[in-house]
Amino acid sequence: MNAYEATKRIYAISDELSILSKELGAAVKETNRNLIEQKINILENEFFNIKHKLEKIQLTAGSL
(Lines give C-alpha, C1' and ligand atoms only; values in the text may rest on other atoms or scores of the structure.)
Protein backbone atom coordinates (compact mmCIF):
# COMPACT_ATOMS: atom_id res chain seq x y z
CA MET A 1 0.00 0.00 0.00
CA ASN A 2 1.46 3.34 -1.01
CA ALA A 3 0.88 6.63 0.82
CA TYR A 4 -1.96 7.65 -1.47
CA GLU A 5 -3.82 4.37 -0.97
CA ALA A 6 -3.19 4.54 2.77
CA THR A 7 -4.63 8.04 2.93
CA LYS A 8 -7.69 6.96 0.97
CA ARG A 9 -8.16 4.04 3.37
CA ILE A 10 -7.89 6.36 6.39
CA TYR A 11 -10.69 8.51 4.98
CA ALA A 12 -12.81 5.42 4.30
CA ILE A 13 -12.24 4.16 7.83
CA SER A 14 -13.23 7.57 9.19
CA ASP A 15 -16.50 7.41 7.25
CA GLU A 16 -17.16 3.86 8.44
CA LEU A 17 -16.49 4.88 12.05
CA SER A 18 -18.97 7.75 11.75
CA ILE A 19 -21.65 5.38 10.52
CA LEU A 20 -20.90 2.83 13.22
CA SER A 21 -20.94 5.44 15.97
CA LYS A 22 -24.45 6.46 14.90
CA GLU A 23 -25.51 2.80 14.85
CA LEU A 24 -24.00 2.34 18.31
CA GLY A 25 -25.98 5.27 19.64
CA ALA A 26 -29.20 3.80 18.25
CA ALA A 27 -28.51 0.21 19.32
CA VAL A 28 -30.74 -1.02 22.10
CA LYS A 29 -29.81 -4.68 22.46
CA GLU A 30 -26.58 -5.46 24.29
CA THR A 31 -25.57 -8.04 21.67
CA ASN A 32 -25.90 -5.47 18.89
CA ARG A 33 -23.91 -2.92 20.89
CA ASN A 34 -21.14 -5.45 21.48
CA LEU A 35 -20.96 -6.35 17.79
CA ILE A 36 -20.77 -2.70 16.76
CA GLU A 37 -18.12 -2.00 19.39
CA GLN A 38 -16.04 -4.90 18.06
CA LYS A 39 -16.28 -3.49 14.52
CA ILE A 40 -15.25 -0.07 15.82
CA ASN A 41 -12.26 -1.55 17.64
CA ILE A 42 -11.09 -3.37 14.51
CA LEU A 43 -11.37 -0.22 12.40
CA GLU A 44 -9.61 1.90 15.03
CA ASN A 45 -6.74 -0.57 15.15
CA GLU A 46 -6.43 -0.48 11.35
CA PHE A 47 -6.63 3.33 11.38
CA PHE A 48 -3.81 3.73 13.90
CA ASN A 49 -1.70 1.07 12.20
CA ILE A 50 -1.90 2.97 8.90
CA LYS A 51 -1.40 6.30 10.66
CA HIS A 52 1.82 5.13 12.30
CA LYS A 53 3.11 3.76 9.00
CA LEU A 54 2.40 7.09 7.31
CA GLU A 55 4.22 8.96 10.07
CA LYS A 56 7.37 7.01 9.25
CA ILE A 57 7.34 8.12 5.61
CA GLN A 58 9.66 11.03 4.91
CA LEU A 59 9.27 13.03 1.75
CA THR A 60 12.23 14.74 0.18
CA ALA A 61 12.17 17.45 -2.47
CA GLY A 62 13.23 14.90 -5.09
CA SER A 63 10.36 12.55 -4.27
CA LEU A 64 7.67 15.08 -5.04
Side-chain angles (χ1 to χ4, degrees):
M1 177 182 304
N2 63 33
Y4 176 74
E5 291 169 344
T7 303
K8 281 179 44 178
R9 182 61 185 141
I10 282 180
Y11 281 113
I13 290 171
S14 179
D15 290 342
E16 291 176 46
L17 286 171
S18 294
I19 293 167
L20 287 172
S21 67
K22 290 177 186 174
E23 289 179 10
L24 182 62
V28 177
K29 293 183 179 180
E30 187 67 27
T31 55
N32 289 346
R33 293 185 61 80
N34 289 338
L35 181 62
I36 294 168
E37 287 174 350
Q38 287 176 355
K39 290 178 182 180
I40 288 172
N41 288 338
I42 290 167
L43 286 172
E44 286 177 340
N45 285 336
E46 182 182 359
F47 179 92
F48 286 113
N49 185 25
I50 294 170
K51 178 183 173 275
H52 293 304
K53 286 180 182 178
L54 285 174
E55 288 174 342
K56 294 179 184 178
I57 296 173
Q58 294 183 356
L59 294 178
T60 61
S63 66
L64 299 175

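Every heavy atom of this structure was used, including side-chain atoms; hydrogens, water molecules and symmetry mates were not.
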Spacing of E5 atom CD and I50 atom CD1 [to the nearest 0.5 Å]: 10.5 Å
K39 side chain near I36 side chain, heavy-atom distance below 4.5 Å: no
Distance (rounded to the nearest 0.5 Å) between N45 CG and I40 CD1: 12.0 Å
Pairs involving residues 44-56, ordered by first then second residue, that meet salt bridge (charged side-chain N to carboxylate O under 4.0 Å, His left out) (sequence neighbours left out): R9-E46, K51-E55
Nearest-0.5 Å distance that lies between atom CG in D15 and atom CG in L43: 11.0 Å
Straight-line distance of E30 CD to L35 CG, nearest 0.5 Å: 12.0 Å
What pairs of donor and acceptor atoms, side-chain ones from residues 18-29 against any protein atom, are under 3.5 angstrom apart with sequence neighbours left out?
unit_1 : atom_1 : unit_2 : atom_2 : d
S18    : OG     : S14    : O      : 3.1
S21    : OG     : L17    : O      : 3.3
S21    : OG     : S18    : O      : 2.8

Shared hydrophobic cluster for F48 and I10 (ILVMFWY, side-chain gaps under 4.5 Å): yes
Between NE2 on residue H52 and CZ on residue F47, distance to nearest 0.5 Å: 9.5 Å
